[in-house]
Protein chains: 2
Amino acid sequence: MAADRPTGKTLAGDAYERIRGAIQDGRLRPGDRLRFADLQALCAMSVTPVREALARLTAEGFTVLDDHRGFSVASLSLSELRDITANRKLCEGEALRLSIERGDGEWEARIVATHHLLARVPQGRDDMPSVIRHDWDERHAAFHQALISACGSPILLDTCLRLFGHAGRYRRVSVSLSGLQRDVEAEHRQLMELALARDGQGAVAALHAHYQRTADALEAFFDGRVA
Amino acid sequence: MAADRPTGKTLAGDAYERIRGAIQDGRLRPGDRLRFADLQALCAMSVTPVREALARLTAEGFTVLDDHRGFSVASLSLSELRDITANRKLCEGEALRLSIERGDGEWEARIVATHHLLARVPQGRDDMPSVIRHDWDERHAAFHQALISACGSPILLDTCLRLFGHAGRYRRVSVSLSGLQRDVEAEHRQLMELALARDGQGAVAALHAHYQRTADALEAFFDGRVA
DNA sequence: ATGGCATGGATTTTCGAAAATCGTTGACTC
DNA sequence: GAGTCAACGATTTTCGAAAATCCATGCCAT
């Protein structure tokens, strides 16, 4: 892994991606306090761009800020998981319904293409099945994004993307125990087929079930372990 | 108006509120470029807190950032207005439905109280009817917030609050021409009564109509005037 | 022993200047 | 005359240190 990538555009943007990445793949864990000294070491830059990155992350809910007490990684909770799930059902469900109504041939092509890529990699790593593969994570996101990409509402897409990102903080924990119990691949294939068949009702129902199963598996795992 | 209020907690937080306020009441207009020199003069502080404020505002969509070309106020567009309206119908509608389902006595009390306050001030200023009164704006927001405050979903509430804020950038333009043509007070009273009567279907329908009328009035006004 | 208060260290927050970047003006070539 | 390229000015972006703030420790009085 490249320790120093060729700074995309601004250092602040780099810091944002790097810290967000560290949060999402578990190197920074929920509740951890974020000291500027550590973050400067991680990102190899001064305090200003780090601070801007944290400001963005906080506005998106990945970190929280106590005035004059610094930033910390947002903590996980059962109630937030339920809340995220309910909101995903509402927003992504509507976005999927609209996409099925409005989608054209290119939308269908995006679904087929992203699903094909997703189906070609396993969910967990061979050496450590409990850790999600980075490429699976990216392709999984791309597939779900493709499903709703024809909804015609940038704001709704943004909301869905935000929710997906938050759910990702929980998803990393989920795959470790549900890998064998669920056939996630089949669920994705079914979603694709229902969408391509323009079955709005069925696709939304399948999406709801997809999210509910994820939430249920997590609920059983989390119960008693977090607030 | 106090030019220098007793800095709430941090300067960055102050700058955020001040700049957002300037955007929402029209002193900074859509499309305006935001030069740090001007903003430092407005906020009476150095560049660092201003930058953090802009980072937050950008994450919320009130401003936009072109890398190395600085920040500017997000511009208005007909398509965004339609998008905001559609999303408000979806999200606030659901939040209202849930609140009617779950709301208790204190929820009802909040609605009655905020409506009472709202009904006691006129929408436009006496001297300049085309300019929204600040206190009306605040009370209007409080009333709509109260309606959905019992939905039980912090995330949904946050989404609604964000959408309400964005709609506010358009609302300021709206009142100048629709003041006489619409009886907004009656619409608010009807919303309150339907909610207290626990008529979920009716209340959501009334909310949708409320937003659609606002959007229609704006559409007629904006047409041809913005992108 | 217990409660309040001042002191010290660790950390965040802010400052003012230096470095980097972009758009433009102007000269120069074809 | 049109197009290309280099240097300038304006502005953003970043730095490193100073100022402000919070938490904890220890002291003193009750």
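We name chains A, B, ... by the order of the sequence lines, and we start the count at 1 in each one. Keep in mind that what you see is a predicted model, and the values were worked out from it rather than measured.
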Rounded to the Å, how far apart are [X] [atom1] and [N] [atom2]?
X     : N      : atom1 : atom2 : answer
B:F36 : D:dT14 : CZ    : C1'   : 12 Å
B:H68 : D:dG9  : NE2   : P     : 22 Å
B:F71 : C:dT21 : CZ    : C1'   : 15 Å
A:L11 : C:dA18 : CG    : C1'   : 15 Å
B:R35 : D:dT13 : CZ    : P     : 14 Å
A:E52 : C:dT13 : CD    : P     : 15 Å

Point to revise | Heavy atoms from other residues, nucleotides or ligands near CZ of A:R29 exceed 12 (cutoff 6.0 Å) | key: no
Review point. At their closest point, which heavy atom of A:A12 faces which heavy atom of A:R56, and how far apart are they?
Key: CB-NH2, 4.1 Å
**Study point:** 5' priority, DNA chain D, between B:A37 and B:T48 [closest heavy atom]
**Key:** B:A37
Practice item. By nearest nucleotide on DNA chain D, pick out whichever of A:R69 and A:M45 is the more 5' one. Key: A:M45
Review point. For the side chain to side chain contact (heavy atoms under 4.5 Å, CB included) test, which of B:L34, B:V73, B:I19 pairs with B:L57?
Key: B:I19
Check your understanding: Is the A:H116 to A:F143 ring centre distance short of 6.0 Å?
Key -> no
